[in-house]
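Report on the structure given below.
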Amino acid sequence: MLYLNIQRVAALRNITNLRGYLIQNGFSSNIAHRIAHNADSNIKFHYLEKLCILFHCTPNDLLQWKPDASANILENEPLKNLDHPSLGYLKNITIEELTTMHQKLSNKEG
């Protein structure tokens, strides 16, 4: 099943109050609540586009795929590319490792 995983992208952007952030950026209170809490099983394309522009990303960054348990999925199923890993492992990385990663990323920007 495909679903919107906006919390993952918000966490990467260090946004802690997603609903408030969406409201500040032009979403109505109702739509912001529905998006922030995955309360809707569908999303209009114009909202998806607005989210992509706001978060500077693509729909692939916002969508996640979890196959039904009963589905017979091929190994090379393209939807597997939407199975984004959790970033919880970053909590276990040492400060030294984070510093090294930051330095490597900084060098790529320059």
Side-chain angles (χ1 to χ4, degrees):
M1 175 180 201
L2 282 173
Y3 66 96
L4 187 67
N5 188 357
I6 192 80
Q7 291 79 13
R8 178 183 155 278
V9 175
L12 289 170
R13 299 283 190 221
N14 202 27
I15 297 167
T16 56
N17 180 358
L18 179 56
R19 182 177 175 275
Y21 182 78
L22 293 173
I23 291 169
Q24 284 179 326
N25 285 282
F27 286 86
S28 71
S29 179
N30 182 41
I31 296 299
H33 177 82
R34 295 172 68 95
I35 290 172
H37 296 287
N38 287 331
D40 210 342
S41 62
N42 59 21
I43 184 168
K44 293 183 178 185
F45 283 125
H46 71 274
Y47 292 136
L48 184 59
E49 178 182 13
K50 193 171 182 177
L51 289 168
C52 289
I53 292 168
L54 180 61
F55 287 104
H56 193 66
C57 66
T58 70
N60 281 1
D61 298 317
L62 297 173
L63 296 174
Q64 183 113 17
W65 180 64
K66 287 192 179 181
D68 295 330
S70 62
N72 188 11
I73 306 300
L74 298 174
E75 278 300 312
N76 61 348
E77 173 58 55
L79 283 173
K80 286 185 175 183
N81 294 329
L82 295 178
D83 188 17
H84 304 295
S86 167
L87 297 176
Y89 67 89
L90 289 176
K91 293 177 183 174
N92 298 326
I93 293 179
T94 66
I95 296 297
E96 182 177 304
E97 291 170 320
L98 286 172
T99 301
T100 301
M101 287 172 33
H102 176 72
Q103 289 170 342
K104 288 180 181 180
L105 290 171
S106 295
N107 289 338
K108 285 189 173 200
E109 291 177 3

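- One N or O on the side chain of Gln7 and one on the backbone of Ala36 form a donor-acceptor pair closer than 3.5 Å.
- Here the CD1 atom belonging to Ile35 is positioned 9.5 Å from the CG atom belonging to Leu62, to the nearest 0.5 angstrom.
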Which atom pairs, donor and acceptor, lie under 3.5 Å between side-chain atoms of residues 11-24 and protein residues at least two apart or in another chain?
residue: Arg13; atom: NE; partner: Phe55; partner atom: O; Å: 3.2
residue: Arg13; atom: NH2; partner: Phe55; partner atom: O; Å: 2.6
residue: Arg13; atom: NH2; partner: His56; partner atom: O; Å: 3.3
residue: Asn17; atom: OD1; partner: Gly20; partner atom: N; Å: 3.0
residue: Arg19; atom: NH2; partner: Ser29; partner atom: OG; Å: 2.4

Practice problem: Would you sort out whether Tyr3 and Leu63 count as a side chain to side chain contact (heavy atoms under 4.5 Å, CB included), showing the intermediate values? | Solution: CA-CA 6 Å; Tyr3 66 96; Leu63 296 174; over 6 Å; no
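- Taking every heavy atom of both residues into account, Cys52 and Pro59 meet most closely at SG-N, 3.4 Å.
- Hydrophobic cluster membership is shared by Tyr47 and Phe45, with clusters built from Ile, Leu, Val, Met, Phe, Trp and Tyr side chains linked at under 4.5 angstrom.
- Partners of Thr58 by side chain to side chain donor-acceptor pair (under 3.5 Å), not counting sequence neighbours, listed by chain and number: Asp61.
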Quiz item: Can you list the steps and then say if Leu4 with Asn38 is a side chain to side chain contact (heavy atoms under 4.5 Å, CB included)?
Solution: CA-CA 7 Å; Leu4 187 67; Asn38 287 331; 4.1 Å; yes
Exercise. Go through the steps to decide whether Gln103 and Thr99 satisfy the test side chain to side chain contact (heavy atoms under 4.5 Å, CB included), and finish with yes or no.
Key: CA-CA 6 Å; Gln103 289 170 342; Thr99 301; 3.9 Å; yes
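- Listed for the Lys50 side chain is a donor-acceptor partner under 3.5 Å among the backbone atoms of Gly26.
- A search for side chain to side chain donor-acceptor pair (under 3.5 Å) contacts involving Glu49 returns nothing, not counting sequence neighbours.
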Exercise. Evaluate the criterion side chain to side chain contact (heavy atoms under 4.5 Å, CB included) for residue pair Leu51 and Ile43; output intermediate values, then yes/no.
Key: CA-CA 11 Å; Leu51 289 168; Ile43 184 168; 3.8 Å; yes
